[in-house]
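Before any comments, here is the structure.
We name chains A, B, ... by the order of the sequence lines, and we start the count at 1 in each one.
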There are 2 protein chains.
Amino acid sequence: MESLERELRRGTLELLLLRILADEPTYGYELLSRLGKRSSGRFHIKEGTLYPVLYRLEDAGLVVPEWNQPARGAARKVYRLTAAGEERLVELTTEWRGFSAAIDTILSGQEPEEEER
Amino acid sequence: MESLERELRRGTLELLLLRILADEPTYGYELLSRLGKRSSGRFHIKEGTLYPVLYRLEDAGLVVPEWNQPARGAARKVYRLTAAGEERLVELTTEWRGFSAAIDTILSGQEPEEEER
DNA sequence: ACTATATACTTTGTTTCACTAGGTATCAAG
DNA sequence: CTTGATACCTAGTGAAACAAAGTATATAGT
């Protein structure tokens, strides 16, 4: 019985990263702080969590990386959303809304009106 | 990259089962159909998923089982929420609300006001 | 009597994902 | 020249949901 947060985060990371990348192409390290900021400090993931997700997104063709050498500092791998990535973002957002609505319905103790016959 | 639903369900099962059991002590097999009904058919978990969760809840002292022999048919293991289970339900509900609110904020593209300094 | 179906609980093994805990490399500041 | 911040990468671990079995009882059909 682990922390709920850890388990809840499962699957949502992909959605959240796509959402942030939709605003603006961003590199990995920066994604960490943006995610932290936008969630009011709730989602503090580590690099060892982040990069594997980015590779999955890349393998799935949802994002494309481009190496970027800033004037000073280490090189950055900037990820940009592809068309497929935008589609996926819409898909996942819809799925999330349906899912969380279903949970909320159960938590509120309401029986949904007659379905599933 | 599996289905989002599968991953999202992670961690929420415990919460949902506790919620259903809070209404009324229920046995495993019945929980399956109640969960399906209350989620409008969205959450169709299998027995191989359900029972291990119930055992975790039992080990954690959140529910207690009682064998019940109905007039006809196979014996039923009816689970009842403990006081600890009720507390945990409140805890998890709060955590869920905070979590889903955080996701919604990020999805809506709003920056939360200055926090996390 | 035999078979199938529905009910009801159990167990084993697999997969996926987030995490821990390291590692490499570059650059600025002291 | 060492420390710390930035930035990326990887191997190994663990927990949860799942698939796919199995056991047992009772009812219905032939």
Side-chain angles (χ1 to χ4, degrees), chain A residues 1-18 25-36 39 42-60 62-63 65-79 92 99 103, chain B residues 1-18 25-36 39 42-60 62-63 65-79 92 99 103:
Chain A
M1 211 86 74
E2 268 308 295
S3 106
L4 179 60
E5 284 273 338
R6 174 173 176 167
E7 296 305 324
L8 282 181
R9 252 194 303 271
R10 276 220 163 207
T12 59
L13 257 182
E14 182 188 338
L15 168 58
L16 295 178
L17 293 182
L18 289 178
T26 313
Y27 57 98
Y29 207 77
E30 172 76 7
L31 278 169
L32 294 176
S33 56
R34 291 209 182 173
L35 188 56
S39 65
R42 196 171 187 106
F43 303 145
H44 274 306
I45 63 170
K46 297 287 173 55
E47 298 154 270
T49 300
L50 174 72
Y51 289 105
V53 180
L54 287 175
Y55 303 146
R56 288 205 306 274
L57 295 177
E58 189 183 338
D59 288 345
L62 305 178
V63 299
E66 188 189 338
W67 280 101
N68 195 308
Q69 183 59 58
R72 57 198 63 188
R76 296 165 174 177
K77 208 169 170 184
V78 175
Y79 288 91
L92 290 182
F99 174 81
I103 300 278
Chain B
M1 211 87 76
E2 270 307 298
S3 104
L4 179 62
E5 284 273 339
R6 172 172 177 167
E7 296 305 325
L8 282 181
R9 251 194 305 271
R10 278 219 163 209
T12 58
L13 257 183
E14 181 187 339
L15 169 59
L16 295 178
L17 294 182
L18 289 177
T26 313
Y27 58 98
Y29 207 78
E30 171 76 5
L31 277 170
L32 293 177
S33 57
R34 292 208 182 175
L35 189 55
S39 64
R42 196 169 188 107
F43 303 144
H44 275 307
I45 64 170
K46 299 287 172 54
E47 296 153 272
T49 299
L50 174 72
Y51 288 105
V53 180
L54 287 175
Y55 302 147
R56 288 205 306 273
L57 294 177
E58 188 183 340
D59 288 344
L62 305 178
V63 300
E66 187 189 340
W67 280 101
N68 195 308
Q69 182 60 59
R72 57 198 62 186
R76 296 165 174 177
K77 207 170 171 183
V78 175
Y79 288 92
L92 290 182
F99 174 81
I103 300 278

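Residues passing the side-chain hydrogen bond (donor to acceptor under 3.5 Å, both in side chains) test with E5(B), sequence neighbours excluded: R42(B). Listed by chain and number, the residues in a side-chain hydrogen bond (donor to acceptor under 3.5 Å, both in side chains) with E30(B) are R34(B) (sequence neighbours excluded). In this structure F99(B) satisfies the ring-ring contact (aromatic ring centres under 6.0 Å, His included) test together with F43(A), sequence neighbours excluded. For Y51(A), the side-chain hydrogen bond (donor to acceptor under 3.5 Å, both in side chains) criterion is met by no residue, not counting sequence neighbours. Residues passing the side-chain hydrogen bond (donor to acceptor under 3.5 Å, both in side chains) test with E47(B): none are found, sequence neighbours excluded.
Regarding contacts with the backbone of dT11(C), every side-chain N or O of Y51(B) stays at 4.0 angstrom or more from both OP1 and OP2. Under 4.0 angstrom from either OP1 or OP2 of dC8(D) there lies no side-chain N or O belonging to Y27(A).
Atom CD of Q69(B) is separated from atom P of dC9(C) by 11 Å (rounded to the nearest Å). As a whole-Å value, the separation of E30(A) CD from dA5(D) P is 17 Å. Taking atom OH of Y55(A) as the reference point, atom P of dA18(C) lies 15 Å away to the nearest angstrom. The separation between L50(A) atom CG and dC9(D) atom P is 10 Å, rounded to whole Å. In this entry the distance linking CG of D59(A) with P of dT16(C) reads 13 Å, nearest Å. Summarising the geometry, the separation between CZ on R76(A) and C1' on dA7(D) is reported as 9 Å, rounded to the nearest angstrom. Atom CG in L8(B) sits about 12 Å away from atom P in dC17(C), given to the nearest Å. Between L16(B) atom CG and dA16(D) atom P the separation is 15 Å, expressed in whole Å.
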Under 3.5 Å, which N/O atoms of the protein pair with N/O atoms of nucleotides 17-22 of chain D?
residue, atom, partner, partner atom, Å
dA17(D), OP1, R9(B), O, 3.3
dA17(D), OP1, G11(B), N, 2.8
dA17(D), OP2, R56(B), NH2, 2.9
dC18(D), OP1, R9(B), NE, 3.0
dC18(D), OP1, R9(B), NH2, 2.8
dC18(D), OP2, T49(B), OG1, 3.2

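Annotation: side chain of R9(A) is in contact with side chain of I45(A) (closest heavy-atom distance under 4.5 Å).
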